[in-house]
Amino acid sequence: MLSYALRRVLSAIPVALIAVTVCFFVLRLAPGGPFDGERALPEEILNNLREYYHMNEPLVMQYLRYIWGLLQFDLGPSMVIKGFTVSQLLAIGLPFTLMLGFTAFVVATAIGIVAGVIAAVQQNKWPDYVLVLAVMLGVIVPNFLMGALLQLFFGVYLKWFPAGGFVYGSISHLVLPVTVLAWPHAARVSRLMRGSMIEVLGSNYIRTAKSKGIGERLVLARHAMKPAMIPVVSYLGPGLSYLLTGSLVVEQIFGLPGIGKYFVQAALNRDYGLVLGTTVFYILLILVLNLIVDMVYAWLDPRVRYH
Amino acid sequence: MSSITKKDEVMEAYTEALERLDAPKGRSLGQDALRRLIANKAALVSIIVLGVIIVAALIGPHLTPWDVAKVDWGSIRKPPDFAKGHFLGTDQNGRDLLARLFQGTQMSLMVAGVATVVSVVIGITYGAVAGYFGGRIDAMMMRFVDVMYALPYMLFVIILVVVFGRSPILLFVGIGALEWLTMARIVRGQTLTLKEKEFIEAARAGGAKPFTIIMRHIVPNLTGPVVIYATLTVPEIIITESFLSYLGLGVQEPLTSLGTLISNGAAVAEALPWLLISPAIVLVSMLLCLTYIGDGLRDALDPKDR
Amino acid sequence: MKFQTLVKATAIAAAFALGAASMAQAATLHLHNGGDPRSLDPQRVSGNWEDRPVSDYIEGLMTLDAKGGAILGQAASYSVSDDGLVYTFKIRDNAMWSDGEPVVAEDFVLGLQRLEDPKTAAEYAYLQYFIDNAEAINSGEITDLDELGVKAIDDKTVEITLNAPTPYFLQALTHYSAYPVPSHVVAEYGDDWASIDHLVANGPFKPVEWVPGSYIHSVKNDKYYAADTVKLDDVYYYITDDDNAALQRYRAGEIDILSNFASDQYQLLQDQYPGQAHVFPFLGVYYYVINQTKEPFTDVRVRKALSIAINRKVIGPDILGTGELPAYGWVPPGTSNYEGEQYMPAYADETYDERVAEAAKLMEELGYTAENPLTVQLRYNTNENHQRIAVAISAMWEPIHVKVELFNSDVSTHYDALTAGDFEVGRAGWIMDYDDPSNMLDLLKSGTGNNYGRYANAEYDELLAKAANEQDLVKRAGYMHAAEKIAMDEFGVIPIYYYVAKWVISPKVSGFEDNAVDRHLVRYISKSE
């Protein structure tokens with residue numbers, strides 16, 4: 001198992017390298033550069049800037065310089081947020097992103113599973129319809145609209161929760177952003193759960209168990225849950241990486257720190273260093289998460305073996 | 001964003017079921033499946049509603065009293081006014097919202113269609129080639145797909161926008177070109193089973209070229225997966241488009257899209273509510289319909305029920 | 001699996017709770033500031049959202065009063081030589097950094113040397129090019145930084161030599177590019193001195209925490225020479241690009257001052273929060289540049305037609321909704337050192353219909369008709385307001401046989417195209433760095449980087465050169481008025497409106513004064529609970 005994990009991690013390196021290479025060169029195709037702003041800079045100042053960031057060297061040299069830095073875990077400077085290096089920015093944003101993402105993940109997974117089971121047990125009765133529609137809203141209402149509306153109703157009109165901002169240790173500041181982030185995830189988990197639970201409940205061994213006179217709750221808890229969880233677990237990996245990479249909108253609307261908006265802002269500002277840094281980071285994050293999920297999956301379902 | 005409609009999971013489950021059954025016949029959208037789809041009430045209503053939206057988006061622009069780009073200097077940011085023919089009100093430039101809504105819906109459907117077609121075409125070609133030739137070619141091609149899966153999709157979309165910002169169609173061709181991975185996997189799996197079948201053997205013995213075999217014998221058997229895939233991909237692209245609009249990376253004015261209308265409307269939800277309500281209703285009902293149709297199709301085409 | 005995740009999440013949450021700073025009830029100002037500052041190093045920033053936190057912690061020789069005028073800052077007094085070229089400043093005896101070190105002349109010398117040092121790559125190095133040898137040092141012609149016209153005579157005396165008498169020099173010293181740096185900290189940490197862990201303040205507040213994407217937190221600096229007049233204990237500068245989200249937080253009572261709001265919300269603010277929205281003109285122009293190296297825009301008649309066919313009076317009140325004043329001239333009204341009558345073209349008094357008829361006639365003379373319109377590509381950078389104005393102006397140009405192709409792109413692409421001359425008509429804006437007309441007029445000098453339209457007129461350049469060497473303010477203003485008239489009569493650029501600043505100020509806040517430079521130091525602001 002350890003060698004399997006090691007192999008997976010090692011095989012991630014060429015993937016990350018290819019992605020970085022593609023990103024590096026494609027980004028240079030985009031018009032404009034990091035120093036184009038509202039004001040044109042005099043040529044001598046542009047030269048100074050290019051020199052400072054080694055941008056006057058041939059592209060291949062810059063690429064090699066970047067990769068060389070990367071191999072030493074140096075992601076280089078940010079060309080736009082000059083007060084920080086890329087590594088510093090990621091280090092500052094990461095705890096927030098992780099906290100927000102994991103909180104949303106736990107909340108959404110729990111709600112999704114419960115809602116899915118209820119909907120399955122009550123299949124085609126009103127709780128099923130209500131739940132299905134409620135969770136569907138999370139998927140079909142664009143998250144920026146959801147965020148703006150929740151902020152308006154619960155932050156401004158009702159004043160139940162803060163309308164934004166971040167305060168250390170404050171849970172109430174997290175309620176609205178976590179809701180926006182978690183809703184679509186809960187929706188997907190509950191749909192998966194509902195589907196697989198219906199299937200499991202219809203299978204022979206559950207029918208046998210029921211016919212033996214075991215109570216419905218016991219059947220659910222003892223026999224149906226574990227097999228029904230398998231498709232859900234296989235979704236948790238992509239789901240978590242989606243939560244961790246998809247925090248841009250909530251960060252923007254609720255004024256939260258985090259790495260979600262770095263990438264978009266950096267791409268628009270042509271902050272090459274930050275774009276590449278975020279890309280490398282996300283790729284590694286996704287690969288590690290997928291690895292963890294695969295291992296959990298194997299533990300849940302002994303038929304799956306490492307190969 | 002491939003997780004919006006949980007497309008991957010649905011498609012994987014579907015093909016798994018197909019493989020277990022191992023029966024190439026009846027996988028296409030036959031009359032039988034069609035009948036079952038129509039029997040599904042939610043799906044039927046959804047098909048009708050979606051049909052109405054599509055027809056309205058196509059012919060609506062010819063019926064509105066105002067043109068998409070026409071500025072009515074006398075009614076800037078005004079609520080619905082029937083006397084002037086602004087049935088849904090006007091935006092901050094004095095342009096008629098109804099006209100813009102028709103055009104925006106049309107644009108959203110079009111970009112979604114383009115991206116879906118591109119991803120289906122690339123997916124089928126890639127998957128069929130990998131599956132048909134097999135061996136080392138297959139291993140290499142599928143390894144590449146695995147690599148692509150590991151990349152943060154949204155990041156690439158944003159880079160594409162930055163590079164191709166100018167043309168919405170080109171942009172969505174690009175997005176389609178990032179979306180084909182699931183399709184390729186499924187087609188490859190199908191091809192692997194199909195190519196061992198007698199009728200393919202017969203065709204090959206008859207001297208048919210690989211391309212002909214793929215086009216004649218393999219692709220026609222893929223109608224089911226393709227239809228499901230498309231109904232799941234279209235809403236995803238529409239959501240992606242609206243997200244890009246939120247970032248200010250939407251289509252070029254004076255044209256508009258549903259995503260652009262909604263992100264503009266969301267900003268003034270309180271001050272000018274009519275700018276949000278009608279586009280939001282159209283978007284939500286369109287996506288709801290597509291989801292129900294997707295569910296219905298999956299049930300109707302479920303090979304297990306045969 | 002789920003349990004483990006839960007444990008992990010709880011652990012993270014607990015770690016945050018432990019790190020929570022205890023917040024005493026104090027006079028705390030919550031200010032919405034805009035995007036993430038790029039740095040807190042005064043020589044390495046260039047935007048007004050960076051100016052605010054920076055100017056509240058570092059003070060130059062001169063500083064601003066609440067109305068935006070230049071007053072003595074770290075300098076206790078100054079004297080000027082008769083030719084207006086040499087300024088000598090005496091630094092206050094009680095001026096010190098927040099770590100207790102005295103502020104010395106060397107700190108100012110080092111600040112300006114860093115600005116002009118090519119290695120710093122300061123974007124605003126050119127703002128202080130009137131200092132002797134500054135340009136030569138910045139472009140690498142002179143490598144010895146000590147050649148710069150800034151000298152420490154003794155610990156408390158700074159002498160600055162200019163290459164031309166510059167009437168706005170004292171005002172320019174209030175700009176962050178001229179701020180001092182703590183030379184003792186720079187000696188220790190180099191460029192890293194301005195990181196949140198190392199920086200020291202000589203101004204009224206000191207940044208103590210910076211959470212990128214969320215806020216900068218500054219607390220009162222007790223070592224500041226006028227600390228007893230500072231009424232606030234600390235300030236939060238909130239970071240968000242989303243003005244609507246910031247407005248919601250203001251309405252929820254979480255923010256006291258918004259430094260901007262979306263024009264669309266003006267009506268709502270007036271209805272629900274009367275008197276809290278402050279909209280006031282400040283020194284800046286929103287304009288369109290016409291590429292005068294491309295046919296047919298080389299022809300003044302085309303430029304004239306395009307310009308007079310714009311109905312500027314509807315743009316501020318109707319399209320934007322915040323009442324921006326129409327701009328017919330180049331220098332914003334209210335600019336200092338500009339005695340004389342404001343430029344106003346004849347067409348400004350004609351009715352709009354007359355103007356459209358005249359413009360259409362001009363275009364027809366050149367062979368453009370409804371059947372054969374002139375196609376113009378109009379570029380703007382992605383932004384709600386720019387888009388709206390572009391849409392409105394394309395509708396205004398339709399009757400004069402101009403067909404507009406809109407082209408929006410992100411800021412980098414947009415300005416890259418403008419700089420490269422790869423456009424026909426493009427949107428631009430200029431917010432003045434100093435309250436002096438030369439800052440506007442220099443934009444149209446031939447060969448200037450920001451002269452995107454490549455307007456060139458030898459007479460214009462000559463008038464500006466004369467003005468630059470003129471010590472008599474009235475004569476100087478005369479030259480500049482003449483220059484403005486030349487450029488405007490030739491439609492070298494199309495001014496559209498004068499910028500307004502848009503703030504929302506809570507009734508709890510006092511001491512905020514609307515001013516033409518739109519700079520508001522927090523030291524003058526107080527807040528009642």
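This one's a predicted model, so the numbers in the text were calculated from it and none came from an experiment. Proteins get letters first, then strands, A, B, ... in listed order; numbering begins at 1 in each.
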With rounding to the nearest 0.5 angstrom, report the [atom1] to [atom2] distance, [X] to [Y].
X	Y	atom1	atom2	answer
C:Q387	B:Q92	CD	CD	9.0 Å
B:E270	C:R251	CD	CZ	4.0 Å
B:N264	C:R388	CG	CZ	7.5 Å

What pair of heavy atoms forms the shortest contact from [X] to [Y], and how long is it?
X	Y	result
C:V391	B:R95	CG1-NH1, 3.5 Å
B:V71	C:A395	CG2-CB, 3.6 Å
B:W73	C:A392	CH2-O, 3.7 Å
B:A267	C:N244	CB-ND2, 3.3 Å

Taking C:T413, C:I389, C:L320 one by one, which has the highest count of heavy-atom pairs under 4.5 Å against chain B? C:L320
Is it the case that more than 12 heavy atoms not belonging to C:E358 sit under 6.0 Å from its CD atom? yes
More than 12 heavy atoms of other groups within 6.0 Å of B:K70 NZ: no
Counting only heavy atoms closer than 4.5 Å, note whether [X] contacts chain B via side chain, backbone, both or neither.
X	result
C:L247	neither
C:D242	side chain
C:I319	both
C:V314	side chain
C:T382	side chain
C:Y266	neither

Ionic contact status for B:R77 with C:D264, cut-off 4.0 Å: yes
